[in-house]
Amino acid sequence: MLEFDKLVNIHEWCSDRRKEGLSIGFVPTMGALHQGHMSLIKIARKNCDIVISSIFVNPTQFNVASDYEKYPITIEEDSLMLKEEGCDAVFIPPVLEIYPESDTYDLDVDLGYIGECMEASKRPGHFEGVMQVVKRLLEIVTPDVLYLGRKDYQQFRVVGKMVETYNLPVKVEQCPIVREDDGLAMSSRNRRLSPEARQAATSLSMSLAAIVDGWQQHDPHHLTQKYTQKLNEHHLIDVEYLDIVDNETLRPINDWNETENAIVCVAAYVGGIRLIDNATIY
Ligand code: AMP
């Protein structure tokens, strides 16, 4: 597996592969890799000639400085995992390579409601940072297909909108959520959970599963109230939102008749670590 840290070098390498007629699949990450990330690499491997990943903890998408500073960094293990999964090249740039000081990277994307609700409302500026970095990376890597995890469902929708707005020549594919055996959605942040918080964190996916199983018996409001309260009863859990929304508009649903496709999304602090998860209801 090739490793690049300079954008000119990876850009040139990718251009050469494209000239050879090879298709490129791209999996951007912030590192501290786990089997969730690896599932994206596997899907890219199956569908594209060349698989490229990136490891870049993007400072512009963190609205809390300490969260950025504490983000786990495990570059050596990450590289090994990518290599073993058959990734062809990884891009691990320093911050100045992505954001040279001479340039500005403000984007103009009208996200509408998907840029106001849930993650956007709790993490101001987060999606602006995500769009910035993904646009930069797409211009550098020029992939045919961008693989994103459904774990970050709102992010998938936001990036899709950015790609559409700038008419970028890339297909955006969503990949299923990979979970631990007890249901907890895999996340780089899980390794920061204390043993007690790790145990408590399983309640998030269990609540989502209970909603998916029992939605027909209750209205959406009843379910969100009930499970928010239930989760908050645990002394280590503090729910930021638990919303049942339309999967297109991300608007909360008051009545099941309002949507053809409902999903439930949750964000909560568990022992001080912020986790997100979601599940399709129907
Ligand atoms: P991150 O390193 O957290 O920025 O994630 C990089 C990519 O991996 C994003 O597209 C995430 O949605 C995806 N991802 C993270 N965790 C999971 C998971 N448990 N299952 C599937 N995809 C995931």
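In each ligand, atom 1 is the first atom listed, and ligand 1 is the first ligand listed. Positions are given from 1 along the sequence.
- Considering only non-hydrogen protein atoms, atom 1 (P) of ligand 1 sits nearest to His37 NE2, 3.6 Å.
- Between atom CE of residue Met38 and atom CE of residue Met186 there is a gap of 11.0 Å, rounded to the nearest 0.5 Å.
- From Leu168, atom CG reaches atom CG of Leu138 across 6.0 Å, with rounding to the nearest 0.5 Å.
- With ligand atoms numbered from 1 in the order given, ligand 1 contributes 6 (C), 7 (C) to contacts under 4.0 Å with heavy atoms of Pro28.
- Ring geometry for Tyr68 versus Phe62: interplanar angle of 30 to 60°, hence tilted.
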Donor-acceptor pairs under 3.5 angstrom involving side-chain atoms of residues 2-10: please list them, not counting sequence neighbours.
from, atom 1, to, atom 2, distance (Å)
Glu3, OE2, Ser79, OG, 3.3

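- For the pair Met186 and ligand 1, the shortest N or O to N or O distance falls below 3.5 Å.
- If you take CD1 on Ile244 and CG on Asn278, they are separated by 12.5 Å, rounding to the nearest 0.5 Å.
- Ile43 and Met81 fall within a single hydrophobic cluster, where Ile, Leu, Val, Met, Phe, Trp and Tyr side chains are chained together by heavy-atom contacts under 4.5 Å.
- The single protein non-hydrogen atom nearest to atom 23 (C) of ligand 1 is Lys151 CB, 4.0 Å, given as residue, atom name and distance.
- With ligand atoms numbered from 1 in the order given, ligand 1 contributes 10 (O) to contacts under 4.0 Å with heavy atoms of Leu148.
- Ligand-side atoms of ligand 1 in range of Leu40: 7 (C), 8 (O), 10 (O), 13 (C), 22 (N), range being under 4.0 angstrom from any heavy atom.
- Of the heavy atoms in Leu33, none comes closer than 4.0 Å to ligand 1.
- The proximity of His34 to ligand 1, defined as any non-hydrogen pair under 4.0 Å, is limited to the side chain.
- For the residue pair Asn58 and Tyr99, a side-chain donor N or O sits within less than 3.5 Å of a side-chain acceptor on the partner.
- From the protein, the heavy atom lying nearest to atom 9 (C) of ligand 1 is Gly149 N, 3.9 Å.
- Proximity to Thr29 (heavy-atom distance under 4.0 Å) selects the following atoms of ligand 1: 2 (O), 6 (C).
- With atom 21 (C) of ligand 1 as the reference point, the heavy atom nearest to it among Ser54, Ser187, Pro176 is part of Pro176.
- Nearest non-hydrogen protein atom to atom 11 (C) of ligand 1 is Asp152 OD2, 3.1 Å.
- Grouped by direct or indirect side-chain proximity (heavy atoms under 4.5 Å, Ile/Leu/Val/Met/Phe/Trp/Tyr only), Met206 sits alone.
- Closest to atom 20 (N) of ligand 1 among all protein heavy atoms lies Val178 N, 2.9 Å.
- Atom numbering of ligand 1 starts at 1 in the shown order; those under 4.0 Å from a heavy atom of Ile177 are 20 (N), 21 (C).
- Within the 4.0 Å heavy-atom cutoff, Gln35 does not count among the residues contacting ligand 1.
- Rounding to the nearest 0.5 angstrom, the gap separating the CD atom in Glu119 from the CD atom in Gln155 is 9.0 Å.
- Taking CZ from Phe26 and CD1 from Ile41, the interatomic distance works out to 9.5 Å, rounded to the nearest 0.5 Å.
- For atom 4 (O) of ligand 1, the closest heavy atom belonging to the protein is Met30 CG, 3.6 Å.
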